[in-house]
Amino acid sequence: MSISLKFPDGAERSYEDGVTPLAVAEGISKSLAKKVVAAKIDGGWWDLNRPIEQGGKFELVTRDSADGLEVLRHDAAHVLAQAVQELFPGTQVTIGPTVEDGFYYDFARDEPFSTDDFEKIEKRMKEIVDADLPIQREVWNREEAIAHFNSIGETFKAQIIDDIIPPGEPITVYRQGKDWKDLCRGPHLPSTGRLGKAFKLMKLAGAYWRGDAKNQQLQRIYGTAWSDEKQLEAYLHRLEEAEKRDHRKLGRQLELFHFQEEGRGMVFWHPKGWRLWQVLENYLRRRLDAAGYQEVKAPQILDRALWEKSGHWQKFHANMFTCETVEGEVLAVKPMNCPGHVQIFNQGQKSYRDLPLRLSEFGSCHRYEPSGALQGLMRVRAFVQDDAHIFCTEEQLVPETIAFCKLLRSIYEDVGVELHAVKLALRPEVRFGSDEIWDKAERILQDAAEAAGETLELLPNEGAFYGPKLEFHLRDAIGRTWQCGTHQLDFVLPERLEAEYVGEDGQKHRPVMFHRAIFGSFERFLGILIEHYAGAFPLWMAPVQVVVATITAEADAYAREAAGALREAGLRVELDLRNEKVGYKVREHSLAKVPVIAVVGKKEAEGRSVALRRLGSDAQSVVPLDAAASQLATEATPPDLR
RNA sequence: GCCGCGGUAGCUCAGUGGUAGAGCGCACCCUUGGUAAGGGUGAGGUCGAGAGUUCAAUCCUCUCCCGUGGCACCA
């Protein structure tokens, strides 16, 4: 019997039955055999040393490919687990998957690990690689496997077979060396030596078994692994560079904001940071005005009764800031703006002619976030949402969603950020509204977003209690993703808060409501922007756009005049008349990421010009003052006004 | 909230069982210098808070607070 393998280049070759992918690779070239880590047959993984059972589309996966890295990282996780179990007897293994740029393994052990243990563990891992232990795939009987893992005290593994692997699916166990075994779907390398040593343990964290805080907390060790040392070095270097753009660091360096103990999770915005905020708020306000929104302002504190009616009290009151008055009223600082906007909608009578009605608010919200959740500007307790609620008819749901997606994309393009992913969060376990309503809401939102051209990633169980939501995710400097924009469809709150309009038929109808935000929160969005630009904002956003710096005191009077002319042209200008050398001033303002330095000395004063120097370039261009003012003002025009 | 790691001058960080240092910044003086750091002098610290061990604690132990990396949570 022979089998026929179809290669990616279209070639088809036949092999003897039982040939291994490794043998196939060796038949092609020595160097390929060295680089290969696994194979794929008809898209399914196949171990290198596993005899091929049937022909099909065949692909050899090399260690430097994306798929190959997955295999290496998965093997690194196994080698980590073996090392840990050898060094710390009694430790139970649980799961060890790959993640972006690396892998982790969750261990159950009474004693805590410390990052001081990493050196020892890495050393043992390298010994396991040097030993080049053979890795063998074995298929086990389900009941025997459960009994085996229970008998050796690996109760988590037994539980995985029992609860997670669907009946009928083969139970595969990989034997690494003589005695060490792990339940695993594979694929794995033929031996540990092929892994190489381009890995490093990175961090230690607690993690709950099966992601549930009610379960036992395990100890998770994260690592990174690459195909060679050079890639590992490059990755570590990238991380270091990314840390330099941490918005918390830049916030201090650029004097944008600060935090202090007395206001955990609350931002003190400094003049430059607040200027940046204002620039973006003004920009966004113009865009919303143009898109048919009407801005409102609702009270900051409202009676508990309203939050009970909306349903927020039941679900979130532990996370709300509340107070009781001397007269015994219980009030809550608003954690979100929707009930307020519905009250505005409910005033007077609304007609179908008023719909869609888009009420927007730069709404200041407060939420008591768990202490461990706080993260610089990204997760705070006091924040401002660029919130809006769109009240509309069912027929308007699709066009409003399309309009929103377009508006969001246009705004993200203007401010220069790149969407990382668009996700659709579906019904959570605890929710209001019938299943029929949820079926309808999810279907409409998905269809509408797809009609808007969005490609969606589905997130089961992650919707709001009142409806499904589209989430627009951005990435920070070190690659973490954050939900910024959101577009949520809600059939529930209009009902609970009794919103109504009079239809064409003269009868009262219930509007449907969208909750939507483009930045999400100003705090988080500014955090993302700071990291995205590493503090070097485009001219229209920069808190200080131009610094006029003198060379000698002789030029002071002219420098004042020049700064005045630039301000007159609408630019944000600072004047630096200090008794310092021009090189010192250039260095300082460059580090402060000021986009334009206008140097003036005796020559410029006489010629009524300025010597412009752009951030990131050491070239200078001497331009007449009035030309510089009009040219820079044009350049500094926000994108929507150009 | 949970697990790991950390907290020394405004910032970045070094250091020690005998109560502390650097660079930058800041203040003052000299210097007016043409595009990424001119020179000098000086001020500035209950070494996160509290308790314990010790003749003696910034250093060792415990508790708490805060930060940080994850997990859980996120209307």
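Quick caveat: nothing in here was measured; it's all calculated off a predicted structure. Naming: A, B, ... by sequence-line order, numbering from 1 per chain.
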Item to check | Dot-bracket encoding per residue of RNA chain B, Watson-Crick/G-U cut-off under 3.5 Å, | denoting interstrand | outcome: (((((((..((((....[..)))).(((((.......))))).....(((((..]....))))))))))))....
Next on the checklist: Base, sugar-phosphate or nothing for A/V599? Non-hydrogen atoms, less than 4.0 Å.
Outcome noted: base
Checklist outcome for this item: Once base and sugar-phosphate atoms are separated, protein heavy atoms under 4.0 Å mark nucleotides 42-48 of chain B, 5' to 3', with B, S and - as -------
Item to check | Donor-acceptor pair present, A/E604 side chain and B/G34 base, under 3.5 Å | outcome: yes
Checklist entry - Looking at B/A75, B/G25, B/U35, which one has an atom nearest to any side-chain atom of A/Y584? => result B/G25
Next on the checklist: Base of B/A75, side chain of A/R431 - is there a donor-acceptor contact under 3.5 Å?
Outcome noted: no
Checklist entry - Looking only at atom P, what distance separates B/C59 and B/G48, rounded to whole Å? => result 8 Å
Item to check | Listed partners of A/W482 passing ring pair (Phe, Tyr, Trp, His ring centres under 6.0 Å), at least two apart | outcome: none
Checklist entry - Out of B/A72, B/A75, B/G33, which nucleotide sits closest to the side chain of A/Y466? => result B/A75
Item to check | Side chain of A/P335 - closest among B/G4, B/A75, B/U35 | outcome: B/A75
Checklist entry - Got a sec, which residues hit side-chain hydrogen bond (donor to acceptor under 3.5 Å, both in side chains) with A/R613, two or more places apart in sequence or on another chain? => result none
Checklist entry - For RNA chain B, which residues in residues 296-313 of chain A have a heavy atom at a distance below 4.0 Å? => result A/H312
Checklist entry - Looking at B/G70, B/C73, B/A75, which one has an atom nearest to any side-chain atom of A/R367? => result B/A75
Checklist entry - Please walk me through it: do A/H258 and A/Q260 pass side chain to side chain donor-acceptor pair (under 3.5 Å)? => result CA-CA 7 Å; A/H258 85 271; A/Q260 64 187 51; 2.9 Å; yes
Item to check | Check: A/R379 side chain, B/C73 base, donor-acceptor under 3.5 Å | outcome: yes
Checklist entry - Counting side-chain heavy atoms from C-beta on, which of B/A36, B/U32, B/G34 comes nearest to A/D618? => result B/A36
Item to check | Nucleotide B/C11, atom C1' - distance to CZ of A/R248 in whole Å | outcome: 16 Å
Next on the checklist: Stacking between A/Y222 and B/G70, defined as ring centres under 5.5 angstrom apart with planes under 30°, is that present or not?
Outcome noted: no
Next on the checklist: Between A/F472 and A/H420, is the ring centroid distance below 6.0 Å?
Outcome noted: no
Item to check | Distance, P atom - from B/C24 to B/G38, rounded to whole angstrom | outcome: 11 Å
Next on the checklist: Between A/E240 and A/K244, does any NZ, NE, NH1 or NH2 come within less than 4.0 Å of an OD or OE carboxylate oxygen?
Outcome noted: no
Item to check | Base B/G1 to side chain A/Y208, donor-acceptor N/O within 3.5 Å cut-off | outcome: yes
Checklist entry - Listed in order of residue number, which residues of residues 585-595 of chain A have a non-hydrogen atom at under 4.0 Å from RNA chain B? => result A/V586, A/R587, A/S590, A/L591
